[in-house]
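To keep things clear, I will list the structure first and then write my remarks on it.
Positions are given from 1, in the same order as the sequence printed here.
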Amino acid sequence: MIIIRAMGGLGNQMQQYALYKKLETLGRDVRLDISCFEDASLQDGMLISRKLELNDLEGVSYKAATKDEIRAVLGRLWEEPEDVMHKIKRKLRLANDPAFIESDMYHEAVFSYTEKYLVGYWACEKYYADILQTLRQEITFPASRDDGLWQKNRKAIEEMEKTVSVSMHIRRGDYLDSANLPLFGNICKDTYYAGAINYMKEKFGDVRFYLFSDDAAYAREHYQGEEYHVIDWNRGADSFYDIMLMSHCKHNICANSTFSFWGARLNPHADKVMIRPSIHKNTQVCIPGQMKDLWQGWTLITPQGAVIA
């Protein structure tokens, strides 16, 4: 049995689910460990308490791991202390370690396992690129219980479908916290967005940008003019509708955020242009050939605004 630990926000949960579905297509017996969402104290030191938003999406279907199944594979529950042998195996990265922890952008080894406890975010497109079409068909968004909100989103979708629409995600919020800023901050700078905007304009001419941000005031102040439209009404439990709206845009400019990655991934337009930053974290170094292989179909732009050739 393969057990994948579910953790993080909705974008990360969707990636863990996508890997689950990929392994399922390979005939693996797969489970999701959703225990950290049942007890906020188990959320691995996250600054923001998360909920299992994956269940809010329609078409999502998975088997949740029981405590007995987790113990059978891992030898313990993830949050329980490791014994000395497990620590030695982890430190030496021995093949018979029951847990595999993501340490690089892509690990081909995850497809060779038949029994393992997998811990990671699995953001890399290559893990599940070949099943994204199926995921687009399966994953849908439920109608809002707020009819006014639902009609507002439907109207926005109609406008997006009629124009050369481009979603643009600007994530600030928790990325500005002192704990997160060194790792995630100053990647999607003004220069990054300027490079992405110019790329879209040069390629398509007259475009309309739909801005999605956790700081709508910032977005309005920095991007003024008739070509910019700030989407600011999907808040709180309804914020996942922003992914739905992003997916209806013809093209997508993503932040270093899995939230907007999924807006682009669920976009069904065959000729779409998807832009993402060349690095996700400040600890990463962009190796162009490697990135193009792992993120096929994406346009990569550096924090300074240069397109990776």
Side-chain angles (χ1 to χ4, degrees), residues 3-24 30-44 46-66 118 120-123 127-128 131-157 160 167 169-171 173-175 210 212-216 231-249 252 254-255 257-268:
I3 299 177
I4 301 172
R5 182 167 176 79
M7 56 187 179
L10 178 57
N12 288 319
Q13 294 169 37
M14 293 174 76
Q15 286 164 175
Q16 290 144 4
Y17 175 73
L19 181 60
Y20 173 104
K21 299 300 285 187
K22 172 62 180 179
L23 290 171
E24 203 173 51
V30 198
R31 301 287 189 276
L32 279 186
D33 176 5
I34 60 173
S35 59
C36 83
F37 298 104
E38 298 168 341
D39 183 348
S41 67
L42 306 179
Q43 295 196 7
D44 298 332
M46 296 176 188
L47 291 178
I48 299 175
S49 180
R50 304 291 193 180
K51 66 182 286 282
L52 188 60
E53 295 178 89
L54 189 63
N55 288 350
D56 295 335
L57 302 173
E58 293 184 340
V60 167
S61 175
Y62 63 88
K63 295 178 182 178
T66 66
L118 303 179
Y121 294 107
W122 321 111
Y127 282 120
Y128 33 74
I131 66 164
L132 281 175
Q133 180 59 35
T134 299
L135 292 175
R136 288 185 200 108
Q137 295 170 351
E138 290 182 354
I139 297 174
T140 57
F141 294 81
S144 174
R145 288 172 292 183
D146 182 338
D147 187 62
L149 179 71
W150 186 244
Q151 293 305 319
K152 201 167 187 177
N153 281 327
R154 296 310 304 173
K155 183 179 179 181
I157 288 172
M160 291 167 176
S167 71
H169 185 214
I170 303 172
R171 181 167 174 174
D174 59 328
Y175 276 16
Y210 289 87
F212 300 83
S213 179
D214 50 9
D215 190 344
I231 306 293
D232 64 351
W233 53 80
N234 294 314
R235 303 189 182 103
D238 295 314
S239 61
F240 72 124
Y241 287 122
D242 277 358
I243 294 181
M244 177 184 73
L245 294 184
M246 290 178 195
S247 75
H248 281 277
C249 288
N252 311 96
C254 299
S257 169
T258 59
F259 189 84
S260 49
F261 287 175
W262 279 101
R265 285 167 172 160
L266 295 181
N267 178 350

Is there a side-chain contact between [X] and [Y] in this structure, where contact means two heavy atoms from C-beta onward sitting under 4.5 Å apart?
X     : Y      : result
Val60 : Glu138 : no
Leu19 : Val30  : no
Asp56 : Leu10  : no
Lys63 : Glu24  : no
Leu57 : Phe141 : yes

Can you tell me if [X] uses its side chain to pair, donor with acceptor, with the backbone of [Y] under 3.5 Å?
X      : Y      : result
Asn252 : Ser260 : no
Glu53  : Gly11  : no
Asn267 : Cys249 : yes

Pair Gln151, Arg154: side-chain N/O donor-acceptor within cut-off below 3.5 Å: no
To the nearest 0.5 Å, what is the distance between [atom1] ([X]) and [atom2] ([Y])?
X      : Y      : atom1 : atom2 : value
Asp33  : Thr66  : CG    : OG1   : 9.5 Å
Tyr241 : Trp233 : OH    : CH2   : 14.0 Å
Ile34  : Arg5   : CD1   : CZ    : 11.5 Å
Ser144 : Asn153 : OG    : CG    : 7.5 Å
Phe261 : Leu266 : CZ    : CG    : 13.5 Å
Gln13  : Tyr62  : CD    : OH    : 8.5 Å

Step-by-step side chain to side chain donor-acceptor pair (under 3.5 Å) determination, Asp242 to Tyr210: CA-CA 10 Å; Asp242 277 358; Tyr210 289 87; over 6 Å; no
In sequence, state the C-alpha distance, the side-chain angles, and the governing distance for Tyr17 and Leu135, and then conclude on side chain to side chain contact (heavy atoms under 4.5 Å, CB included). CA-CA 10 Å; Tyr17 175 73; Leu135 292 175; 4.2 Å; yes
What are the two closest non-hydrogen atoms of [X] and [Y], and how far apart are they?
X      : Y      : answer
Leu118 : Leu23  : CD1-CD1, 4.1 Å
Gly148 : Asp146 : N-OD1, 3.0 Å
Met244 : His248 : O-CD2, 3.1 Å
Ala264 : Cys254 : CB-SG, 3.9 Å
Ile243 : Met14  : CD1-SD, 4.2 Å
Arg31  : Ala64  : CD-O, 4.1 Å

When Tyr127 is tested against each of Trp122, Tyr20, Tyr121 for ring pair (Phe, Tyr, Trp, His ring centres under 6.0 Å), which residue passes? Trp122
Take Thr134 and Tyr128 through the test side chain to side chain contact (heavy atoms under 4.5 Å, CB included) and record every step on the way to the result. CA-CA 10 Å; Thr134 299; Tyr128 33 74; over 6 Å; no
